[in-house]
Amino acid sequence: MSESESVRGKRERIAEIEESVAVLRRELGERTDDPMDFGDAGQDLEAREQQLSMIEALEGERRRLLDELGESDRS
């Protein structure tokens with residue numbers, strides 16, 4: 001793989017990560033205020049925590065790729 005292909009691949013992955021993070025953030029914003037029982041509320045909280053964890057992992061990968069490209073974090 002040439003250096004330009006490697007750079008292109010990293011840029012494509014950064015774009016994929018940014019799209020995934022945007023989708024996850026939109027899903028987090030879709031929280032409902034409908035009444036829930038404790039079981040539903042617990043499941044909702046667990047799902048939100050998992051989404052936040054995924055966002056954090058993706059943002060870490062994005063920062064690493066930007067560092068490898070010698071670029072600063074654009075967020």
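Worth knowing before you read on, the calculation uses all heavy atoms, side chains too, and leaves out hydrogens, waters and symmetry mates. All values derive from a computational prediction rather than experimental measurement.
In the hydrophobic cluster analysis, where Ile, Leu, Val, Met, Phe, Trp and Tyr join through side-chain heavy atoms closer than 4.5 angstrom, V21 is grouped together with L28. L45 and L52 are not part of a single hydrophobic cluster, where members link through side-chain heavy atoms under 4.5 Å apart. No single ILVMFWY cluster, assembled from side-chain heavy atoms under 4.5 Å apart, contains both V23 and I17.
For E19, the salt bridge (charged side-chain N to carboxylate O under 4.0 Å, His left out) partners at least two apart in sequence or on another chain are R26. The side-chain hydrogen bond (donor to acceptor under 3.5 Å, both in side chains) check on R63 picks up nothing, with sequence neighbours excluded. Partners of Q51 under the side-chain hydrogen bond (donor to acceptor under 3.5 Å, both in side chains) rule, at least two apart in sequence or in another chain, are E27. By the side-chain hydrogen bond (donor to acceptor under 3.5 Å, both in side chains) test, E59 pairs with R25, sequence neighbours left out. R13 pairs by the side-chain hydrogen bond (donor to acceptor under 3.5 Å, both in side chains) definition with E16, E61, not counting sequence neighbours.
Rounded to the nearest 0.5 angstrom, E68 CD and S6 OG are separated by 8.0 Å. Atom CZ in R11 sits 11.5 Å away from atom OG in S4 (nearest 0.5 Å). Note that CG of L24 and CZ of R48 are 12.0 Å apart. Values are rounded to the nearest 0.5 Å.
The shortest distance between side-chain heavy atoms of L65 and R62 does not fall below 4.5 Å.
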